[in-house]
There are 2 protein chains.
Amino acid sequence: MVGIGMPICSSFCLSPAPTFKESELTAAETANVATRTDPAPQSELDLEHFLPYRLSVLSNLVSSAIASIYAERYALGMTEWRVLAVIGPSPGLTASEVVERTAMDKVAVSRAVDRLVKSERISRREDSNDRRRSRLRLTRQGRAVYAQVVPAALALEQRLLCSLSPADRQELDRLLDLLGEAAHRL
Amino acid sequence: MVGIGMPICSSFCLSPAPTFKESELTAAETANVATRTDPAPQSELDLEHFLPYRLSVLSNLVSSAIASIYAERYALGMTEWRVLAVIGPSPGLTASEVVERTAMDKVAVSRAVDRLVKSERISRREDSNDRRRSRLRLTRQGRAVYAQVVPAALALEQRLLCSLSPADRQELDRLLDLLGEAAHRL
DNA sequence: ACACTATAGTTTCATCTGAAACTATTTGCA
DNA sequence: TGCAAATAGTTTCAGATGAAACTATAGTGT
């Protein structure tokens, strides 16, 4: 489903403790604000420039900003919000299809669906062909929430992206795809 | 401490539901693989192209890959690993300085420190000037863990980054900085 | 029809999480 | 000095989390 033609990773990437020429460092240091964009020459770890850490902090910041949209006003958790967001445009999805699309945990989805059903935001109807499955769709109330939260979420995304030029955004998109593939193959 | 000269966000970024010319869409659609790098013209949300979601998925993937380095072999949780990683190069930090540097929760840090002290990876010594504070530093065992985990973590970072050209990495660094700033001002 | 395997979804359990309240100490100021 | 406010760190509590076990249904081969 993902990544057909992936670039080949050169050998040094797989070595446990890569070493690099010192000479490359000073050249890169002069390059603008950016540091650590060049191959890591040290075996010291500076958390603030460590990519996994930076991703985590950024992601948490953004997630909690998004959460502030739906958490207070609609008493939705992140998992519930995501389930809602996925079911909205695709009524009739099953829970496991939601799992596929959101990459969330099966248990988390199950519980989120439960809560959403209880709070009358989605309906759950047993599939007639396969009684293990349930088809999920938004209720009128669910659509109302969806209609309110989605524009706010998109607006927040825009507030993030508006610091980037159109070219930057395209670049970001490409880089995230590349990193996603790289991360996918562990 | 962060962000002195930040770019000004143009007005539409603050509007709750930005609208854009339809005409921009088709032009951008032709642009390579990338979609959604252009201003969102629709009020539909496609989770897979939604930046906050992509960041979250990527970050989780990467985090769990990193975790597999230290979790199994050293019985470290993510918070403990981070505390270790921060204290390592800066012996004598206090817990709240760790909080500042890691952007982690105060409680999480407190508990991580507790566990690390119990497992003899760090020592905690009351500050002589301020008896509320404790100075934290790695023990011999802590240094051993640090010395083993850090290279593995850096190697993993390299495996991620090796799908990017040097120019890409610099670009990534810049974009993450920009997004970080944007996220920081909510 | 029967047994075996796979899949959908739920429950259990042990752990992690963070907001709020709390203790202890220091700092600011009258 | 002495008292109010701030700070460092811990505890409490209520909920979120995910691995593993479980239930129920469907598919597959004999």
Side-chain angles (χ1 to χ4, degrees), chain A residues 56-57 59-61 63-68 70-72 74-83 86-87 92-119 122-137, chain B residues 56-57 59-61 63-68 70-72 74-83 86-87 92-119 122-137:
Chain A
S56 171
V57 170
S59 170
N60 287 344
L61 264 178
S63 285
S64 60
I66 294 272
S68 72
Y70 51 72
E72 309 156 1
Y74 304 96
L76 284 176
M78 189 192 64
T79 51
E80 283 148 274
W81 149 245
R82 284 188 182 169
V83 169
V86 168
I87 291 177
L93 285 184
T94 65
S96 35
E97 285 165 337
V98 172
V99 167
E100 279 171 28
R101 298 207 187 188
T102 58
M104 292 193 303
D105 187 82
K106 191 170 66 153
V107 181
V109 169
S110 173
R111 284 192 272 239
V113 165
D114 245 12
R115 283 189 292 260
L116 287 169
V117 168
K118 273 177 192 136
S119 60
I122 68 177
S123 68
R124 176 162 45 183
R125 225 187 53 218
E126 190 179 77
D127 184 304
S128 44
N129 295 332
D130 185 341
R131 287 188 309 177
R132 291 170 306 181
R133 298 164 194 257
S134 302
R135 300 278 164 194
L136 306 171
R137 53 196 83 234
Chain B
S56 171
V57 170
S59 170
N60 287 343
L61 264 178
S63 284
S64 59
I66 294 273
S68 72
Y70 51 71
E72 309 156 2
Y74 304 96
L76 285 175
M78 189 191 64
T79 50
E80 283 149 271
W81 149 244
R82 284 189 184 167
V83 169
V86 169
I87 291 178
L93 286 184
T94 65
S96 35
E97 286 164 337
V98 172
V99 167
E100 278 172 28
R101 298 207 188 187
T102 58
M104 292 194 302
D105 188 83
K106 191 170 65 152
V107 181
V109 169
S110 173
R111 284 192 273 237
V113 166
D114 244 13
R115 283 189 292 261
L116 286 169
V117 169
K118 274 178 193 136
S119 59
I122 69 176
S123 68
R124 177 164 43 184
R125 224 187 54 218
E126 190 178 78
D127 185 303
S128 45
N129 295 332
D130 185 342
R131 287 187 309 175
R132 293 170 306 180
R133 299 166 195 252
S134 302
R135 300 278 165 194
L136 306 170
R137 51 196 84 234

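Naming: A, B, ... by sequence-line order, numbering from 1 per chain. Heavy atoms only: backbone and side chains are in, while hydrogens, waters and symmetry mates are out. Owing to the predicted nature of the structure, the values given are computational and were not obtained by experimental measurement.
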Enquirer: Report the distance from atom CG of A:Asp105 to atom OG of A:Ser110, rounding to the nearest 0.5 Å.
Expert: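 The distance works out to 9.5 Å.
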Enquirer: Whole angstrom is fine here: how far is it from CZ in A:Arg131 over to C1' in D:dG27?
Expert: 15 Å
Enquirer: Using side-chain heavy atoms (C-beta onward) and a distance below 4.5 Å, is A:Asp127 in contact with A:Thr94?
Expert: no
Enquirer: What is the distance, rounded to the nearest whole Å, between atom CD of B:Glu126 and atom P of D:dA8?
Expert: 15 Å
Enquirer: For the pair A:Ser64 (side chain) and A:Ala67 (backbone), establish whether a donor and an acceptor sit closer than 3.5 Å, ignoring hydrogens and angles.
Expert: no
Enquirer: Please check this pair: side chain of A:Ser63 against backbone of A:Ser59, looking for a donor-acceptor N/O pair closer than 3.5 Å.
Expert: yes
Enquirer: Starting at atom CG of B:Asp105, determine the distance to atom P of D:dA16, rounded to an integer number of angstrom.
Expert: 16 Å
Enquirer: Starting from the first five and the last five pairs of the helix from C:dA1-D:dT30 to C:dA30-D:dT1, work out the angle between the resulting helix axes, to 10 degrees.
Expert: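 Inter-axis angle at the termini of the helix from C:dA1-D:dT30 to C:dA30-D:dT1: 20°.
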Enquirer: Between protein and nucleotides 6-15 of chain C, map the contacts as a letter string: B base, S sugar-phosphate only, - none, heavy atoms under 4.0 Å, written 5' to 3'.
Expert: BBSBBBB---
Enquirer: Would you say the side chain of B:Arg101 lies within less than 4.5 Å of the side chain of B:Leu93, judging by non-hydrogen atoms?
Expert: yes
Enquirer: Which sits closer to the 5' end of DNA chain D, A:Ala108 or A:Ser128, going by the nucleotide each is nearest to?
Expert: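 Between the two, 5'-proximity favours A:Ala108.
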Enquirer: Measure the spacing between CZ of B:Arg133 and CD of B:Glu97 and express it to the nearest 0.5 Å.
Expert: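 Answer for the CZ-CD pair, B:Arg133 versus B:Glu97, is 6.5 Å.
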Enquirer: Identify whether the distance between the nearest side-chain nitrogen and carboxylate oxygen of A:Arg111 and A:Asp114 falls below 4.0 Å.
Expert: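 Looking at A:Arg111 and A:Asp114, the cut-off is not met.
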Enquirer: Restricting to nitrogen or oxygen on both sides, can you table the protein-nucleotides 1-3 of chain D pairs closer than 3.5 Å?
Expert:
none

Enquirer: Between the side chains of B:Arg135 and B:Ser128, does any donor sit under 3.5 Å from an acceptor?
Expert: no
Enquirer: Separation of A:Lys118 atom NZ from D:dG15 atom C1', in whole Å?
Expert: 14 Å
Enquirer: Rounded off to whole Å, could you give me the CE-to-C1' distance for the A:Met78 and C:dT17 pair?
Expert: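 Atom CE in A:Met78 sits about 13 Å away from atom C1' in C:dT17.
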Enquirer: Could you state the atom-to-atom distance from CE of B:Met104 to C1' of C:dA19 in whole Å?
Expert: 17 Å
Enquirer: Take B:Tyr74 and B:Glu80, measure what side-chain contact (heavy atoms from CB on, under 4.5 Å) needs, and give me the verdict at the end.
Expert: CA-CA 11 Å; B:Tyr74 304 96; B:Glu80 283 149 271; over 6 Å; no
Enquirer: Using a cut-off of 4.0 Å on non-hydrogen atoms, how would the nucleic acid contact of B:Asp127 be classed: base, sugar-phosphate, or nothing?
Expert: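 Answer is nothing: B:Asp127 stays at 4.0 Å or more from every strand.
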Enquirer: Taking the side chain as everything from C-beta on, heavy atoms only, tell me whether B:Ile122 gets closer than 4.5 Å to B:Arg137.
Expert: no
Enquirer: Hey, is the main chain of A:Val99 close enough, under 3.5 Å, to the side chain of A:Ser96 for a donor-acceptor pair?
Expert: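 No: the side chain of A:Ser96 does not pair with the backbone of A:Val99.
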